[in-house]
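Chain naming here is simple, since letters A, B, ... match the order of the sequence lines and numbering starts at 1 in each.
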There are 2 protein chains.
Amino acid sequence: MTLDARKQNVLLAIIQDYIATAEPVGSRTIARKYKLGVSPATIRNEMADLEEMGYIEQPHTSAGRIPSDRGYRYYVDHLMKRAELSLDEERMLFNSYMTKVQDVGQVLRRTGRLLSQLTRYTAVVLTNHYGKGKFKHIQLVHMGPQQAMVVVVTDAGGVHHRIIDIPESIKPADLETISAVLNQKLQGKSIENIRLTLVKEIYFELAKQKHILNMAMDLIRESLAVQTGEKIFLGGVFNILNQPEFHNVEKVKTLLGLLEQEQMLAEIMADVMDAEGVTARIGEEMVNEQMKDCSMVMSSYSVGGKPMGSIGLLGPTRMDYARAFTVVEYMTKNLSLVMERLLGRRS
Amino acid sequence: MTLDARKQNVLLAIIQDYIATAEPVGSRTIARKYKLGVSPATIRNEMADLEEMGYIEQPHTSAGRIPSDRGYRYYVDHLMKRAELSLDEERMLFNSYMTKVQDVGQVLRRTGRLLSQLTRYTAVVLTNHYGKGKFKHIQLVHMGPQQAMVVVVTDAGGVHHRIIDIPESIKPADLETISAVLNQKLQGKSIENIRLTLVKEIYFELAKQKHILNMAMDLIRESLAVQTGEKIFLGGVFNILNQPEFHNVEKVKTLLGLLEQEQMLAEIMADVMDAEGVTARIGEEMVNEQMKDCSMVMSSYSVGGKPMGSIGLLGPTRMDYARAFTVVEYMTKNLSLVMERLLGRRS
DNA sequence: GTTAGCACTCAACATGGGAGAGTGCTAACA
DNA sequence: TGTTAGCACTCTCCCATGTTGAGTGCTAAC
């Protein structure tokens, strides 16, 4: 299973060249471009070995070789050297992160945009704290004779709002009262734990004001049934159109269809939440059959030591892993920092 | 400029057939499929006339004819009969609109989704009241030692939030005080008019609490600098991939690039806000040179008699205008209704 | 173990007829 | 005078065929 130095060099050359050109790589090309000090014939022999071991494949007899998923895996695990960001890019990132941040969603969206701009791949940003976290504030606002808006703020910086129907007898002042009671009772509780324990207590509290009692329960239930779980931001979806492997509209269509299934993306990325550092899923390692010619490079970010979500880059299996790893790692750190600053926590 | 009945029928046949098949239409096809009671030769003569008048064109000598932009325009203005929705579709729409609506953004997103599902075209939904309307409520929430969240609710159902830096000396209770003052002073004012007039007044009010005076001004400015103007929702962007005219990746890329320029879309649609009913922009009538093989069918919706935004369908010039007109008209009405109900106004 | 030489394979591209769809024109017909 | 049949003509599309060039595997010599 281990490869001698020359085989490694040949494999490395094939992968680098294929990543750069998207064309099958022949023995001559390698001998010319990557001075390994041996002739094409020798390289051919090595290539035959590598093919037998499953690291590379041949699309057809008279073509060069392309890396197999296994080849990429070996590359990522053993051969790859991290790329470095150019000065321009560092400066660009610095500027982006210095401009004032105003809310969590904005940070995540921007992260997605930067990721995709830096790599020309599709960025996926997942938060799993959306609608979770501790309750910070609730506010009922009178909107019309039968409508009120419920606004809930969590300590993770999430703001959820919805409009609910209320009986016409409820006046703005009543909403203030209810808001006050809810705030007092729910203060600092975690959203998940709120549901059952406190509802009764609130019920009794509000019992004093009999005319709003009828709707109090409903309202509480509604206002706490905040959309929970993950939320996904995509960036640079159209970048896949730049990849020669997606010049065929049918492929694009299926991939875009898959990207719309947020649930599936969430699963792929949740998978990687426990892993330390940057991880790659290559080709057939992806859960989904239809994504077998895509790869993802992912990492999870955290605030105050608690993992909060993950970010990733989606590209063809032929993607530039070295660069993707660097960019994802860099952005993970930045994102963690910004989020901590934004939410006023220092870890 | 006016066409006799037979020419109209021929033009109608060509357009209907081309919309259905995306293939140039020949004289034989028309004679066979659309029993006009004359032979192909006669139809050929009519077609030669129509071509000379600029209503149809010939891609090359031995091909059939395709409608020109001018032909489509004539069709839309004089020949088109509105399509009708199928029972299934009516039922589907009814169900969608009956499920509980929770906020304005959700309604607009859903409208976009329905529009695109019903037609397989790309839906564009524009609101121009985003960040406008009357001030309803402001709430400052303490997030960390140096962070607070500002939440602003407008009567158009918009909720805007952002996190701001505050001096460490500000305590949660202070934020409550400020919130109360702001609410009292700003109540019912239109967001656009608030900026200058009231700031001084609030300044004096808060002067009583000297230690928060420093930041009060900044905070007010920040919290009112709500992102203003239009907001755009797109639905079914990838539907364009189903159109044979976009089977070429380059075209898709340029079009998607254009769709990202929200400003431009906003302009196209703002154009149509004053017009009564459903309007079409066909091919070269589109502002943008690069969209000359696309058309849009648009209409604006209103709440309480006041136009609030517009919805539209974007497709190839070969789009099914009859159906697009019907769907857009239907959805405009529905959307206006739902928004009125949601915002508690009856017009 | 390495390399040169060579026969072999196969995709990609160009070339060259048909086949088919559709036209415009002309002349005959009602 | 308007309509139609007939026919020559045009042009795309498709398929079969040939050519080129890149790349391989094998063998024999170094």
d(CD1, B/I66; P, D/dT12) in whole Å: 14 Å

Output the rounded distance in Å from CD (A/E52) to C1' (D/dG25). 14 Å

Any-strand Watson-Crick or G-U partner of D/dT3, both distances under 3.5 Å: C/dA28

For the pair made of CD1 in A/I30 and P in D/dA22, what is the distance, rounded to whole Å? 16 Å

In whole angstrom, give the distance that lies between atom CG of B/L36 and atom C1' of D/dT4. 15 Å

Are any of B/T61's side-chain N or O atoms less than 4.0 Å away from OP1 or OP2 of D/dC9? no

With a 3.5 Å limit on both atom pairs, tell me what D/dC30 is paired to, counting Watson-Crick and G-U wobble, or say none. C/dG1

Base paired to D/dT12 (Watson-Crick or G-U; both N/O distances under 3.5 angstrom): C/dA19

Please give, in whole Å, the distance from D/dG23 C1' to A/E23 CD? 13 Å

With a 3.5 Å cut-off and just heavy-atom distances, do the side chain of A/R44 and the base of D/dG25 make a donor-acceptor pair? yes

Within the distance-only criterion (no hydrogens, no angle test), does the side chain of A/E89 pair as donor or acceptor with the backbone N or O of A/S86 below 3.5 angstrom? yes

Measure CD/B/Q58 against P/D/dT12 and give the value in whole Å, please. 11 Å

Distance test, side-chain N/O of B/R6 to OP1/OP2 of D/dT3, below 4.0 Å: yes

Which residue, B/E46 or A/G26, contacts DNA chain D at a nucleotide closer to its 5' end, judged by nearest heavy atom? B/E46

According to the interplanar angle, ranging from 0 to 90°, do the rings of B/F238 and A/F238 count as parallel (below 30°), tilted (30 to 60°) or perpendicular (above 60°)? perpendicular

Would you please confirm or rule out a distance under 4.0 Å between OP1 or OP2 of C/dT3 and any side-chain N or O of A/T42? yes

Please pick, from D/dA5, C/dA4, D/dG25, the nucleotide with the shortest atom-to-atom distance to any side-chain atom of A/R65. D/dG25

Would you call B/R65-B/E57 a salt bridge at under 4.0 Å N-O? no

The side chain of A/H60 lies closest to which of these nucleotides: C/dT2, D/dG25, C/dA11? C/dA11

Does the Lys NZ or Arg CZ of A/R82 fall within the cation-pi geometry relative to A/F325 - under 6.0 Å from the ring centre and within 45° of the axis? no

Is a side-chain N or O of A/R70 found less than 3.5 angstrom from the main chain of A/M53, in a donor-acceptor match? yes

note: B/E51, atom CD; C/dG24, atom C1'; distance rounded to Å ~ 11 Å

Is there a donor and acceptor pair, one atom on the side chain of A/S62 and one on the base of C/dC10, closer than 3.5 Å? yes

Rounded to the nearest Å, what distance is computed from the CD1 atom of residue A/I43 to the P atom of nucleotide C/dG1? 17 Å

